[in-house]
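Chain letters run A, B, ... following the sequence lines, proteins first, then strands; residues in each count from 1. Heavy atoms only: backbone and side chains are in, while hydrogens, waters and symmetry mates are out.
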Amino acid sequence: MKSLFRILVLSALIFTITACKQNNDSFFGHQTEYADNGENIKTDGTTETLAMVAPPFVPEPTGDRRAKKLIVNLETIEQIGELADGTEYNFWTFNGTVPGSFIRARVGDEIVLNLKNNENSNFPHNIDLHAVNGPGGGAEATFVAPGKEASFTFKALNPGLYVYHCATAPVGMHIANGMYGLILIEPEGGLPKVDKEFYIMQGDFYTKGKYGEKGLQDFDIDKAIDENPDYVVFNGNTGSLLGENELKVKTGETVRLFFGNGGPNLTSSIHLIGEIFDNVYVEGGTSINHNVQTSSIPAGGAAILEFKADVPGDYVLVDHAIFRAFHKGALGKIKVIGEDNPAVFKENEPIKTAS
Amino acid sequence: MSRLKQLLKIKKLKQFFPNMKPLVIITVLLFTLTSCYNRYNNVSVTEPVKSSVHELVHIPSSKEMKKIEGGSYLGFIGKDSGRIVTVDSFLIDDSPVTVSEYLEFLKKNPQWTKSHINRLYADNDYLHNWEGDFEIPKNVDPNSPVTNISWFAARAYARSVGKRLPTIDEWEYVGLADEQTKDASSKPEFTEFILNSYQNKKTYENPIKADKPNYYGVYDMYGMVWEWTSDFNSVMITGESRNDSATNETLFCSGAAVTTSDLKNYAAFIRFAMRGSLKADYTVNNLGFRCAKDI
């Protein structure tokens, strides 16, 4: 009797394992793949230093260029800057901007990441790039004291849009102070061509004073732990995409937003009022969703959002967790200039009521 | 049968050592200490073979020292082991070593001047804004803390005045005090004060003792410079800060996870991270030192 029971249990186990294995091979009917192809891509022997541009702009597309050795120079800089009109904050940055400079490479590139910690820094820093296959995303290899430099090399294996950030203790504080950016690994042949590309990252900030309080604001650790930010902003300032900084495109143009969320805490519900995203590279990966109204971007995550500017007007980018937009700063504007397009949108004459 | 024998053996042992428990504890402790010692050795800086330390000329120092009464406290690192740090009574400089004090040392020990220092002992930023070997730069207050000093140089200075560098445990013990109390670590506003003081820029240009001293009469523990400790590299914050709280490779032989006693003590996190980012030949703009002494 006992041995019969044992046999039963054993067969059940074997069955489960086999079933599991099958499941693994065809998860939801798809063959799972591992992106180790990038490892076999040979670089063409040339070396290039990536030319950096400040957000909301991005370096040139990789197009159909071959894989190469790409040198990326980042510097950690601590500096006081404006968080809102009349409100200052002690930002910790990569290359002096929030978010840090956009890194653009292609799959198969051999990327040499040089990290310098500015000599006037008060604190040690490092970098963890989510595009790296290796310990800590480079965090340990790049741990640098003020005034020092560190470097490591990695092969870009997986195409996609990835967040990078500082990972030095206390890591939450380094991120909360603005130490994040995006790195794009383009697929072989590059992303499809579009007319305009922009780089936007959302971040939550925790200040001693309430939203709108003037002067230099200290970091508030209690609010950060409570995940209760005073500011939720795009590109490190309530006004970085407003007024003279608003993004300008023409009707008929295709627009690509490289949108990331530095966090440290909040998930973004990114939405462009009056437009529909024709294509969304979900979570910055390879699968493309279409006809999306609002995309959910987790802290430490990113997505590529694409739309065609059909009708002229002001289009407001918001975190659709809407109080953040109107009371914490998560507001930006894309101005579309050009001919009216009444076939798509027109205002009707007021309806005359019979007297 | 054999069990009985064993029991008898134990009984016999118990006759010899009626109080077994302390013995076992002591043995375990001894073992732990020994393995600790090894561990420290492993991570300690490797000193270049040819040492100029022996050629040091002793110099007098008029620096006032404060007596720190020994005691114990809950260490910042080592939560799982409930690491209680015990510190013997010692003396500590009441302020960081100044530029002018360091100049006196250089005059008697020219092997430590900018142009003569053994490059194994300091990187290229050693005393980086000094133009000559014996001239304080014009825009530098002689009474400001000396910075861009390597660990080797700080240690040599300490020896030349008959002192030593404080240990991390000693430094942190003194650092627990605010103006009124020995241990202000439970006051959130104290941690906040420290955290904010760390954000201020170029505080190393200020003269020492401009702010109020702490409970012990010690000045400028915060808001001036990072300070070398003798065992700065015994705490291995690796830069992979998420990992530091998950593995036991990083710190101490307690075998415990490297967690902290106070997750909200960001000021302490920053100090330990800063120490972890250093090498003994590093010199940094906002890194100075003060000395300590046994009693």
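Smallest separation of non-hydrogen atoms from B:A273 and A:A169: CB-O, 3.5 Å. A pairwise comparison of heavy atoms in A:F123 and B:Y198 identifies CZ-O, 3.3 Å as the closest pair. Minimum heavy-atom separation, B:L278 to A:A145: CD2-CB, 4.0 Å. Across every non-hydrogen atom of A:V144 and B:S277, the tightest pair is C-CB, 4.2 Å.
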Next on the checklist: Please determine whether side chain to side chain contact (heavy atoms under 4.5 Å, CB included) holds for the pair A:E119 and B:D125, giving the CA-CA distance in whole Å, both sets of side-chain angles, and the decisive distance to 0.1 Å.
Outcome noted: CA-CA 10 Å; A:E119 62 163 352; B:D125 291 327; 5.9 Å; no

Checklist entry - After noting the C-alpha distance and the side-chain angles of A:N177 and B:Q199, does the key distance pass the side chain to side chain contact (heavy atoms under 4.5 Å, CB included) rule? => result CA-CA 11 Å; A:N177 286 345; B:Q199 293 262 16; 4.0 Å; yes

Checklist entry - For B:K202 and A:N120, what are the C-alpha separation, side-chain angles and deciding distance, and is it a side chain to side chain contact (heavy atoms under 4.5 Å, CB included)? => result CA-CA 8 Å; B:K202 302 203 170 180; A:N120 291 320; 3.8 Å; yes

Checklist entry - Given A:K148 and B:K279, is the side chain to side chain contact (heavy atoms under 4.5 Å, CB included) satisfied, shown in steps? => result CA-CA 11 Å; A:K148 308 300 171 203; B:K279 290 177 184 156; over 6 Å; no

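Taking CZ from B:F269 and NE2 from A:H174, the interatomic distance works out to 10.5 Å, rounded to the nearest 0.5 Å. A:I80 CD1 to B:K201 NZ: the interatomic distance, rounded to the nearest 0.5 Å, is 8.5 Å. Taken to the nearest 0.5 Å, the CG atom of A:N122 stands 9.5 Å off from the CD1 atom of B:I270.
The aromatic rings of B:Y266 and A:F219 lie parallel to each other, with less than 30° between the two planes, well short of the 60° mark.
Considering B:N285, B:L287, B:N286 as possible partners of A:P146, the one that fulfils the side-chain contact (heavy atoms from CB on, under 4.5 Å) test is B:N286.
For B:N200, the part lying near chain A is the backbone, with the side chain staying farther off; criterion is any non-hydrogen pair under 4.5 Å. Using a 4.5 Å cut-off between heavy atoms, A:T142 makes no contact with chain B at all.
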